[in-house]
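Beneath this line is the structure, given in structure tokens, with notes to follow.
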There are 2 protein chains.
Amino acid sequence: MKLTISDLAKMTGLAKSTISGVLNNKDGFSEKTRQKVLKAAEQYGYVPNEIARGLSTKYTKTIGLVIKDITNPFYSKLTKGVQEVASEYGYTVFLCSSFEDHRTEKEQIQAMLSRRVDGLIVAPLLEEVTFDHLFDLKAKSVPFVLLGSVPGLDNSYVEFDDYDGGRQVTEHLLERGHRSIGFAAGLPTSRASRERLRACQDVLSARGLALRAEFTFEGAQELADGVEIGRKLIALKERPSALICFDDVVALGVVKAFQSEGLRIPEDMSLIGFDDIDLMIFPLTTVSIPTYEAGKALARTLFGRIFGGPDTPAQRIIFDEKLVVRQSVRTVTN
Amino acid sequence: MKLTISDLAKMTGLAKSTISGVLNNKDGFSEKTRQKVLKAAEQYGYVPNEIARGLSTKYTKTIGLVIKDITNPFYSKLTKGVQEVASEYGYTVFLCSSFEDHRTEKEQIQAMLSRRVDGLIVAPLLEEVTFDHLFDLKAKSVPFVLLGSVPGLDNSYVEFDDYDGGRQVTEHLLERGHRSIGFAAGLPTSRASRERLRACQDVLSARGLALRAEFTFEGAQELADGVEIGRKLIALKERPSALICFDDVVALGVVKAFQSEGLRIPEDMSLIGFDDIDLMIFPLTTVSIPTYEAGKALARTLFGRIFGGPDTPAQRIIFDEKLVVRQSVRTVTN
DNA sequence: TTGTAGGCGTTATCAA
DNA sequence: TTGATAACGCCTACAA
């Protein structure tokens, strides 16, 4: 059914190696045979079998991308960046979502490895247990790049300065006169969320302030979680004057909860998010994060390592986060 | 470096074929050797090479997914559905975006084919030129499932009843008293957009009404396009009393444009979208589309064909679109 | 400049 | 119940 190199050899009366050589642009062939081969390949619609090629060259022209959730704009933009660079290189990408499950993450990496990807991009879940599977990759000298650093692992990574982002939003709120600040943190598996929270706490405590337990939430991930948190806040006797949300999606949920109760942002509470997602019509003050660029950087770094070999020095690329002031934070005058 | 089946054979003193047989759960091996093999594989961390396996079995345990834009919630949800089913089957998915470019679509399909995917899911661009590459797939009897039917191509597909969705929204507007209706259509490559537009025109003309040229737009795809259309509408002396948008993203853009000019939806114009995307806090009347379910259906249908062989009858799965009434359409009383 | 032979890691076939 | 041996489709020496 499918045409192979041997078929072409028979048809042209040439040897397999000749066909292979011409098709791979090696030199040392007469113009005549070259044309003959090219014409035959074209004519019969020969499609090289990358699987077979991969088996013999050790390059599958394939990379794996393991993210948390493709449904989140943060990751879909990142994915877009990765894909564009990959296709520039003639590479195809395997996409897997870990869905915030640690075991799935491991299994997906295994699956990619058994498919002999040339490299991996992983947005690893942060968790207490272990990063063994990532250290394993390093030990096996599989090329990979991480989104976010892993302590003790000397490997290339791309990350955002989440701590600084957290600092910026907190200072912005302080400048606007807020003293009672809440925080809707993400899942414990999110490094970004942790860093932002930590920065917030640091900045506050430097001013002799602190997050109050009843204004601090955890595990916010989807819109629904934001709605839930919004409802809880509404039910409280006293509300923080401002809430920092782990990301825009969660913030949007809070907005939704407030709107449905006839409350308004920022009049009834100020609100800040992270990501600066496109699909935002609410004038949310947020922090822009160059996820698309990061996706490209991840891919470029990975290809650097794939083509550069195991001695390629580890890269650390850090993207800044930048406060984008809109109208969801009001100025408090005590 | 990497452990192969031959290595295991040497280590255990058994033959390659024995190792292979045990590992693939074939029967006809004594419990003793079986244990011996399993233990060795476990102990030395043997990972089968799917590439080699693929070369010999013709199954790569790999499917390809070609969509238009992963950044659009419509496709990211669909992708999620596909992925979940794929991983149930132990399959990994190649993701490619055509970015609305016909040539890219063809190339990506080629790339997947050369990687010998077991099957393909394609959300094809609609365009005048040709569907040759899809007919080719059929001719080569590559298993594939389409999102949306292609005229004359007898192949499995999953689609949404876009015509009916268009009908529903138009009738809803008529019921609410609207007579001057505008339409922001998507790219000409979108079948969904065409169908909705066609339905709208049909319903209107059945009532002796018609879309006016100055209220009809084309090529709307991103938020920015919606903003643009919103601005144009604002600049007009006369506006339609309601605008139907090809999708929620575009509708969101229109909302944004109106809001930034201090105009309000639905007071200054009614608005309707399609998709019912999650990240919506604006109470937009829209049409819900089960994209996640469609993704699952696409994958299930594809696996049916992959495992069922070439004689598997073509499936046609049609999902209903359902009007979701919120508050972006006002009642007009003449 | 071209052809031959062997190998990549696996599965499948057939003897033993 | 096990073990040789030949594919699978391609690439890469090396020989002609």
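Each chain gets a letter, A, B and so on, in the order its sequence line appears, and its residues count up from 1.
Rounded to a whole Å, the CG atom of L14(B) is 5 Å from the P atom of dG3(D). At whole-Å resolution of the value, CG in L8(B) and P in dG3(D) are 14 Å apart. In this structure, K36(A) places its NZ atom 13 Å from C1' of dT1(C), rounding to the nearest Å. Protein atom CG of N25(A) is 12 Å distant from nucleotide atom P of dC11(D), rounded to whole Å. Look at CZ on R115(A): it is 23 Å from P on dC8(C), rounded to the nearest Å.
For T130(B) (side chain) and D132(B) (main-chain N/O), a donor-acceptor pair under 3.5 Å exists by modelled atom type.
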Summary of protein contacts for nucleotides 9-16 of chain C, nucleotide by nucleotide, where a base hit scores B, a sugar-phosphate-only hit scores S (4.0 Å, heavy atoms): BBBB----
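Across all strands, I51(B) comes closer than 4.0 Å to no nucleic acid atom at all (heavy-atom distances).
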From CA spacing to verdict: salt bridge (charged side-chain N to carboxylate O under 4.0 Å, His left out), R305(A), D311(A): CA-CA 8 Å; R305(A) 165 67 181 78; D311(A) 294 332; over 6 Å; no
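Comparing the local axis fitted to the first five base pairs of the helix from dT1(C)-dA16(D) to dA16(C)-dT1(D) with the one fitted to its last five gives a bend of 50°, rounded to 10°.
Ring planes of Y91(A) and F303(A): perpendicular class, angle over 60° (limits at 30 and 60°). The aromatic rings of F74(B) and F160(B) lie perpendicular to each other, with more than 60° between the two planes, well past the 30° mark.
At a cut-off of 3.5 Å, with distance as the only test, a side-chain donor of Y292(B) or E84(B) sits close to an acceptor on the other residue.
Counting all heavy atoms, side chain and backbone alike, R191(B) lies closest to G148(B) at NH2-CA, 3.6 Å. Nearest heavy-atom pair, D118(B) versus P143(B), reported as atom, atom and distance to 0.1 Å: O-CG, 3.3 Å. Considering every non-hydrogen atom in both L55(B) and A52(A), the closest pair reads CD1-CB, 3.7 Å.
Electrostatic pairing of R53(A) and E50(A) counts as a salt bridge here, judged by a charged N lying under 4.0 Å from a carboxylate O.
Close to dT1(D), at under 4.0 Å from its OP1 or OP2, lies no side-chain N or O of T33(B). Proximity of S30(B) to the phosphate of dT1(D): no side-chain N or O atom is located under 4.0 Å from OP1 or OP2.
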